[in-house]
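Remarks on the structure that follows.
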Amino acid sequence: MRPRLPKLLLATLIAAFSGAALAAPFAYVPNEKSATVSVIDTAGDQRLGDIPAGQRPRGIAAGDGRVYLTDGKTGSLLIVDTVAGKLVKTVPVGDSPEGVSLSADGKLLAVAVEDDNSVVLLAAPLGKELARIKVHGKNPEHAVFSPDGRWLYVSAEEAEQVDVVDVKARKQVASIPVGKRPRGIGFLPDGSRAYVASEMTGKVYVIDTAERRVIAEITAGQYPAGIAVHPDGKRVFVSNGRDPSVMAIDVASNTVVATIEVGKRPWNMAITPDGAKLYVANGRSGTVSVIDTASYKKLADIEVGELPWGVSIR
């Protein structure tokens, strides 16, 4: 195992790289046990270094020079300046926060708070709390904005449903039955479909968002967890925590078209804006696997910190 890079300010690391490298987006990976965020240059798939972040960083969203993280230990939202490479603000949100998402316009943040059975809505980039919205599902894990920002779809560990929140009204307006223990959620770019990984049923549920009902069930691997939607809207990727693998789903036929072996306990994922590469956090391997989305081949395994939870790319 190669030595871990020192925890340096990201600004110092960036200064050492060429303009070509800077043109590429960066992948940010929260490491629960290491209490850091690893920074990966997606041009060369190199880990640049780590940023200290709270005590147990989990959920992550990146945008406009900021990385937003939930800290499961302190019950906080952490706001990190990605240029300075340091934590700039801590916002209390409640016990055991999990997933965090950023609306497409960059104005709103949503944090799923497990112990409170709620979603906290905050203004970006400063993290001012706007509302605390109760949901029906117990222990919500993900709260994901629809592409138009009108809705939040919320999955919960102890539920067999996805709760739908009206963002403007700031209240839950519906529940859509799915399989046991729903986890990752992803929308097609046009918002017409949502894909939900249900861990205990080993399936991905396809939801018609206009009708708010499941229109297809796709058999995945063991313990499907993370969902990532390709920018072209033609493919959806699901990570299987126990196999361990990532599967590619063809949207038109609702069938699995490829299976790619990755590290142990693949969890949450992200795709580069150009759609070329997918990055999946392997919790028990302490790595991020990089997948070519055209060939469905694994390109690299990048060492990060301990217990990586997910990936956000910006």
Side-chain angles (χ1 to χ4, degrees), residues 59-64 68 70 77 97-113 118-125 130-137 140-156 159 161-179 182-198 204-216 218 224-238 249 251-252 254 268-271 273 275 310-314:
I60 185 167
D64 296 328
Y68 304 95
T70 56
L77 175 72
E98 189 94 4
V100 57
S101 65
L102 181 67
S103 60
D105 63 8
K107 295 180 179 179
L108 294 175
L109 293 157
V111 177
V113 181
S118 67
V119 175
V120 179
L121 195 66
L122 308 102
L130 302 174
R132 187 171 295 266
I133 305 161
K134 290 289 185 178
V135 292
H136 297 165
E141 179 171 339
H142 291 278
V144 180
F145 285 99
S146 61
D148 62 7
R150 293 182 60 191
W151 314 103
L152 279 166
Y153 274 36
V154 186
S155 61
Q161 66 194 41
V162 171
D163 294 328
V164 181
V165 170
D166 183 317
V167 174
K168 186 176 181 179
R170 296 177 182 174
K171 66 178 182 180
Q172 180 174 337
V173 294
S175 291
I176 303 168
V178 292
R183 290 205 183 271
I185 302 171
F187 289 88
L188 292 185
D190 66 3
S192 64
R193 300 283 187 272
Y195 293 76
V196 181
S198 285
V204 174
Y205 291 81
V206 185
I207 295 173
D208 182 309
T209 58
E211 298 185 4
R212 291 180 182 163
R213 67 181 182 89
V214 171
I215 57 172
I218 303 165
I227 293 284
V229 179
H230 195 277
D232 67 9
K234 296 179 180 179
R235 289 165 292 165
V236 173
F237 294 86
V238 56
I249 296 168
V251 167
N254 287 325
N268 296 298
M269 308 179 288
I271 297 178
V311 185
S312 188
I313 299 175
R314 188 74 178 184

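Minimum heavy-atom separation, Pro182 to Ala156: CD-O, 3.2 Å. Nearest approach of Gly63 to Leu102, heavy atoms of both residues: CA-CD2, 3.9 Å. Across Pro140 and Ala112, no two heavy atoms sit closer than the pair O-CB, 3.6 Å. When all heavy atoms of Ala110 and Val119 are compared, the closest pair comes out as CB-CG1, 4.0 Å. When all heavy atoms of Gly275 and His230 are compared, the pair lying nearest together is O-NE2, 2.8 Å. Contact detail for Pro189 and Pro231: the closest heavy-atom pair is CG-O, 3.4 Å.
Between the Ser146 side chain and the Trp151 main chain, a donor and an acceptor come within less than 3.5 Å of each other. Counting only distance, with no hydrogens or angles, the side chain of Thr70 and the backbone of Gly99 share no donor-acceptor pair below 3.5 Å. With Ser155 contributing its side chain and Glu141 its backbone, the two residues share no donor-acceptor pair below 3.5 Å. A donor-acceptor contact shorter than 3.5 Å links the side chain of Ser312 to the backbone of Ala62. Between the Asp166 side chain and the Lys171 main chain, no donor and acceptor come within less than 3.5 Å of each other. Checking side-chain atoms of Ser118 against main-chain N and O of Arg132 turns up no donor-acceptor pair under 3.5 Å.
In this structure, Arg170 and Ile133 have side chains that are in contact, with non-hydrogen atoms separated by less than 4.5 Å. Looking only at side-chain heavy atoms (C-beta outward), Val251 and Tyr195 come within less than 4.5 Å of each other. You'll find the side chain of Ile249 reaches within 4.5 Å of the side chain of Val204, heavy atoms only. In this structure the side chain of Val229 reaches within 4.5 angstrom of the side chain of Leu188, judged on heavy atoms. Contact annotation: the side chain of Leu77 approaches that of Tyr68 to within less than 4.5 Å [non-hydrogen atoms, C-beta and beyond]. The shortest distance between side-chain heavy atoms of Ser101 and Leu109 does not fall below 4.5 Å. For the pair Ile227 and Ile185, the minimum side-chain heavy-atom distance is 4.5 Å or more. You'll find the side chain of Val311 stays beyond 4.5 Å of the side chain of Asn268, heavy atoms only.
Taken to the nearest 0.5 Å, the CG atom of Leu152 stands 11.0 Å off from the CG atom of Asp163. In this structure, CD1 on Ile207 lies 12.0 Å from OG on Ser192, to the nearest 0.5 angstrom. Atom CG in Leu130 sits 6.5 Å away from atom CG in Leu122 (nearest 0.5 Å). Here Leu121 contributes atom CG and Phe145 contributes atom CZ; the two are 5.5 Å apart, rounded to the nearest 0.5 Å.
A donor-acceptor contact closer than 3.5 angstrom links the side chains of Gln172 and His136.
Phe187 and Tyr153 have their aromatic ring centers within a separation under 6.0 angstrom.
Checked options Glu211, Arg212, Arg213; the residue passing with Ile176 is Arg212 (criterion: side chain to side chain contact (heavy atoms under 4.5 Å, CB included)). Of the listed residues (Val236, Ile218, Val214), just one forms a side chain to side chain contact (heavy atoms under 4.5 Å, CB included) with Val206, and that residue is Ile218.
Between Asp208 and Arg193 there is a salt bridge, since a side-chain N of the basic residue sits under 4.0 Å from a carboxylate O of the acidic one.
Remark: Lys134 engages Asp116 in a side chain to side chain donor-acceptor pair (under 3.5 Å) (not counting sequence neighbours).
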